Colleague: 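Dumping the structure here so I can ask a few things about it.
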Amino acid sequence: IADELSRATTRQDRASLEGRIRGELAKDDRIDELFVTLTDNTEIDRTMELTIFGTTADGPFRLVMGIQAGALMVQEMTAG
């Protein structure tokens with residue numbers, strides 16, 4: 001994810017990130033259902049927020065990360 005974010009320098013790059021991240025995560029055969037949302041606030045305050053929600057055989061999970069100045073910060077992580 002960090003590599004994808006660091007390469008997203010244009011608005012078009014950032015717009016395609018959500019699908020690229022979803023595609024990468026979908027390679028994990030343990031995930032039954034997957035939703036990825038990327039909120040792009042780079043033109044306002046140079047931040048993004050990535051929310052990943054999915055389900056596995058063990059139950060649902062949710063991961064929310066803030067992205068600022070090229071750094072990923074976990075804001076929420078839940079499972080079960």
Side-chain angles (χ1 to χ4, degrees):
I1 293 173
D3 288 341
E4 290 291 332
L5 293 170
S6 67
R7 288 191 293 253
T9 56
T10 67
R11 186 181 304 170
Q12 185 176 7
D13 289 340
R14 291 188 303 271
S16 68
L17 271 174
E18 192 174 294
R20 293 194 324 242
I21 291 168
R22 183 183 304 107
E24 196 61 33
L25 293 171
K27 293 176 183 178
D28 188 332
D29 59 0
R30 297 171 296 175
I31 299 175
D32 298 322
E33 190 172 28
L34 180 66
F35 300 94
V36 176
T37 304
L38 183 68
T39 304
D40 182 358
N41 296 316
T42 54
E43 295 188 17
I44 298 169
D45 62 5
R46 302 185 57 98
T47 65
M48 290 187 273
E49 183 175 272
L50 177 64
T51 302
I52 301 167
F53 175 80
T55 57
T56 68
D58 294 326
F61 67 91
R62 177 180 163 96
L63 176 63
V64 180
M65 293 182 281
I67 300 116
Q68 185 173 16
L72 294 173
M73 296 159 282
V74 175
Q75 296 174 334
E76 178 186 342
M77 186 168 47
T78 57

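Not measured: the values here are computed from a predicted model. Quick note: residue numbers are just sequence positions, from 1.
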Colleague: Of all heavy-atom pairs between R20 and S16, which one has the smallest distance, and what is that distance?
Modeller: NH1-OG, 2.5 Å
Colleague: Quick check: do V64 and E49 have side-chain heavy atoms less than 4.5 Å from each other?
Modeller: yes
Colleague: How long is the straight-line distance from CD of Q75 back to OG1 of T51, given to the nearest 0.5 Å?
Modeller: 8.0 Å
Colleague: Indicate whether the side chain of D58 and that of T56 have a donor and an acceptor atom separated by less than 3.5 Å.
Modeller: no
Colleague: Run the side-chain contact (heavy atoms from CB on, under 4.5 Å) check on T37 and F53 step by step: do they pass?
Modeller: CA-CA 9 Å; T37 304; F53 175 80; over 6 Å; no
Colleague: Side chain of E18, backbone of L38: donor and acceptor closer than 3.5 Å?
Modeller: yes
Colleague: Taking all non-hydrogen atoms of both residues into account, name the closest pair between R22 and V36 and its distance.
Modeller: NH2-O, 3.3 Å
Colleague: So which heavy atom on I31 is nearest to which on F61, and how close?
Modeller: CD1-CZ, 4.2 Å
Colleague: Taking a hydrophobic cluster as the set of Ile, Leu, Val, Met, Phe, Trp and Tyr residues connected by side-chain heavy atoms closer than 4.5 Å, whether directly or through intermediates, do F35 and M77 fall within one such cluster?
Modeller: no
Colleague: Going from CD1 on I21 to CD1 on I52, what distance comes out if it is rounded to the nearest 0.5 angstrom?
Modeller: 6.5 Å
Colleague: D40: which residues meet the side chain to side chain donor-acceptor pair (under 3.5 Å) condition with it, sequence neighbours left out?
Modeller: R14, T42
Colleague: Going by side chain to side chain donor-acceptor pair (under 3.5 Å), name the residues that satisfy it together with E76, two or more places apart in sequence or in a different chain.
Modeller: R62
Colleague: Report, one line per pair, each donor and acceptor closer than 3.5 Å where one atom sits in a side chain of residues 67-74; sequence neighbours left out.
Modeller:
none

